[in-house]
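Written out below as structure tokens is the structure these notes cover.
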Amino acid sequence: MVRLSAVLRLPLHRFCAGPRSPLGSHQAMAASLGPKPLVAVGQVTSTPDKEQNFSGCAALVRAAARRGACLVFLPEGFDYIGRDSAQTLSLAESLDGDLMARYSTLARDCGVWLSLGGFHERRADWPSTQRIYNCHVLLDPTGRLAAAYRKTHLCDVELEGRVTMKESSFTNPGTEIVPPISTPAGMLGLSICYDLRFPEISLALRHAGAEILTYPSAFTFPTGSAHWEVLLRARAIETQCYVVAAAQTGRNHEGRVSYGHTLVADPWGAVVAQCSEGPGLCYAEIDLEYLRRVRREIPVQSHRRADLYGTVGLQAALSVP
């Protein structure tokens, strides 16, 4: 039997800081097969200052475009992170508001897809509910809204003496999984942060054709240091997808510090790109031929026993019109 590890090819990658790792022989061989789609993954420190946040994110998007990335990922809370729920609600906008219009122009000017991974969205029910949605927005290179996924799993956790969060106190949960979207890098499945803890959504997206899963996040330090990398790698291994996770890092305000460690994992579960401390970008090539090889050699999707434990996910919500 051919061992998959013997043919492993890691995509080209770069850390946010420090020298680029030298290409191994397997990477040189992959490079000889021609260029692969390049994605850029952003790590930022959002504050309550929306203008400052936009300036920093726009600079990262422009740098990624100059580098040749076709798709740029920004984390949950890229627009802002409020000091409390009252400030969070007061700063929220609709998808047709000024901030999203500026990001639409940015995508068009740079000619890139933008994964904006956690926009504080006011919808039509705002006057009656006084709650917002945590919305993952995908813009195409013309600035058009290609997809919008609203976070379905809200983060209500209490680690005694360390972390208390109750997202449901000011956020409405989304009601559907969005089918994967075709991008130049592959079929992209959208999730947000706390969704990472629920493999059902990743398996549903994989069943619907996803090749890349993305988890834009704002993990806290206690939960991130314990669970961040192992959960991301697990989602990559069980779905045999690339997993892209843009993250908040550092002190967002006096009451919050985010974990960081933005990364990309390949379908074998290897971390192939990762950010160091502070805001910045890491890059990874998406090798869909390698993904297909992983799936051929360990065909877990066809081995699933639906007769024993049923089908996973909301298939009606995932059917493409």
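Predicted model, so just to flag it, every value in this text is computed and none were measured.
Of the N and O atoms on the side chains of Thr88 and Ser85, not one donor lies less than 3.5 Å from an acceptor on the other residue.
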(request) Take His136 and Ser191 through the test side-chain contact (heavy atoms from CB on, under 4.5 Å) and record every step on the way to the result. (result) CA-CA 7 Å; His136 186 160; Ser191 297; 6.0 Å; no
(request) Could you please spell out the steps behind the side chain to side chain donor-acceptor pair (under 3.5 Å) verdict for Arg197 and His227? (result) CA-CA 9 Å; Arg197 295 185 180 274; His227 300 150; 3.1 Å; yes
(request) Give the C-alpha distance, both sets of side-chain angles, the deciding distance and a yes or no for salt bridge (charged side-chain N to carboxylate O under 4.0 Å, His left out) between Glu289 and Arg296. (result) CA-CA 10 Å; Glu289 180 51 42; Arg296 283 196 307 269; 3.7 Å; yes
(message) Using salt bridge (charged side-chain N to carboxylate O under 4.0 Å, His left out), reason through Arg206 and Glu211 one step at a time and then give a plain yes or no.
(response) CA-CA 7 Å; Arg206 165 69 176 90; Glu211 296 166 318; over 6 Å; no
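Remark: aromatic rings of Tyr194 and His153 are distant, center separation not under 6.0 Å.
Under a 3.5 Å cut-off, the side chain of Gln43 and the backbone N or O of Leu281 do not form any donor-acceptor pair. Checked by atom type and distance alone, the side chain of Ser258 never pairs as donor or acceptor with a backbone atom of Ala218 at under 3.5 Å.
Using a 4.0 Å cut-off between a side-chain N of Lys or Arg and a carboxylate O of Asp or Glu, Lys151 and Glu76 qualify as a salt bridge. Salt-bridge formation is not detected for the pair Arg150/Glu176: no Lys NZ or Arg NE/NH1/NH2 atom is positioned less than 4.0 Å from an Asp or Glu carboxylate oxygen. Ion pairing between Glu297 and Arg293 holds under the 4.0 Å rule for side-chain N and carboxylate O.
The cationic atom of Arg123 (NZ for Lys, CZ for Arg) lies less than 6.0 Å from the six-membered ring centre of Tyr133 and within 45° of the ring axis. Arg235 forms no cation-pi arrangement with Tyr215, by the criterion of a distance under 6.0 Å to the ring centre and an angle within 45° of the ring axis.
Taking the six-membered ring where tryptophan is involved, the planes of Phe221 and Tyr259 are perpendicular, since the angle between them exceeds 60° and thus also 30°.
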